[in-house]
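Only one structure is covered here, and it is reproduced in the block below.
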Amino acid sequence: MVGNTGSPPGREFLYDANLLKELDWSSVKDFTKPSISNVQPGEDWLLVRPLKIEDYDHGFLKLLSQLTKVGSVTKEEFIRQFYAMKSAGGYYVTVIEDTRDHSIIGSSTLITEFKFIHECSLRARLEDVVVNNTYRGKQLGKLIVLTVSLLAKRLGCYKMSLDCKDNLIPFYKSIGYRMEPGNANSMTIRYDETPPATAPS
Ligand code: 16G
């Protein structure tokens with residue numbers, strides 16, 4: 001386990017939960033109907049908070065597997081990765097808990113990168129957004145994405161970007177993201193699969 005965190009193992013958040021207090025939802029209030037926020041998420045059994053180690057036992061990885069392949073991750077491996085993220089800094093894995101049974105029903109990750117450009121600014125990336133598909137009509141997708149978007153703003157990031165499946169473009173447009181003219185590409189090289197035999201020139 002990495003680092004002296006000052007908290008009993010497993011009882012701590014990945015990042016300072018106080019950062020989620022007093023996010024300014026005024027600029028995005030029109031994106032949700034009825035209006036919600038991370039502190040008033042619309043149901044008293046919904047809780048938006050940073051990831052913690054116990055979430056391993058409450059369906060966090062199963063939830064991520066609704067997004068993509070997770071594979072087998074032991075609790076030991078999970079804890080090691082948790083502390084690697086925590087000690088590196090810049091990882092804001094944020095979850096929605098159903099407090100009735102402590103299950104994790106939504107998650108998204110904000111990652112910040114140090115830059116020299118824009119006067120040594122920070123850039124934000126939105127990653128691994130997933131919401132349990134049995135909780136419909138609760139605006140959980142908007143809740144979790146807007147929470148980390150506002151957190152990125154609060155941390156001083158000059159922009160936040162994402163790539164996603166094409167069918168999710170309307171969702172992200174509905175909450176303020178846009179495809180910038182001349183700058184709407186996402187390119188990928190995969191290291192975990194066999195490359196195509198001939199690359200187009
Ligand atoms: C989506 C996710 C990305 C995730 C990827 C996994 C968002 C906004 N985008 O693109 O964060 O890492 O799916 O797919 O959540 P992959 O397993 O094919 O890389």
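Whatever order the structure lists them in is the order used to number ligands and atoms, beginning at 1. Heavy-atom basis, side chains included; hydrogens, waters and symmetry copies ignored.
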Is it the case that more than 12 heavy atoms not belonging to [X] sit under 6.0 Å from its [atom1] atom?
X	atom1	value
Arg136	CZ	no
Gln40	CD	no
Asp166	CG	no

Lys75/Asp57 salt bridge by N-O under 4.0 Å criterion: yes
Pocket residues of ligand 1, ordered first by chain and then by residue number (heavy-atom cut-off under 4.0 Å):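 Thr68, Leu126, Glu127, Asp128, Val129, Asp163, Cys164, Tyr172, Arg190.
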Salt bridge (charged side-chain N to carboxylate O under 4.0 Å, His left out) partner of Glu12, the single match among Lys86, Lys52, Arg49: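 Only match with Glu12 under salt bridge (charged side-chain N to carboxylate O under 4.0 Å, His left out): Lys86.
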Minimum heavy-atom distance between Leu46 and Pro41, given as atom pair plus value: O-CG, 3.4 Å
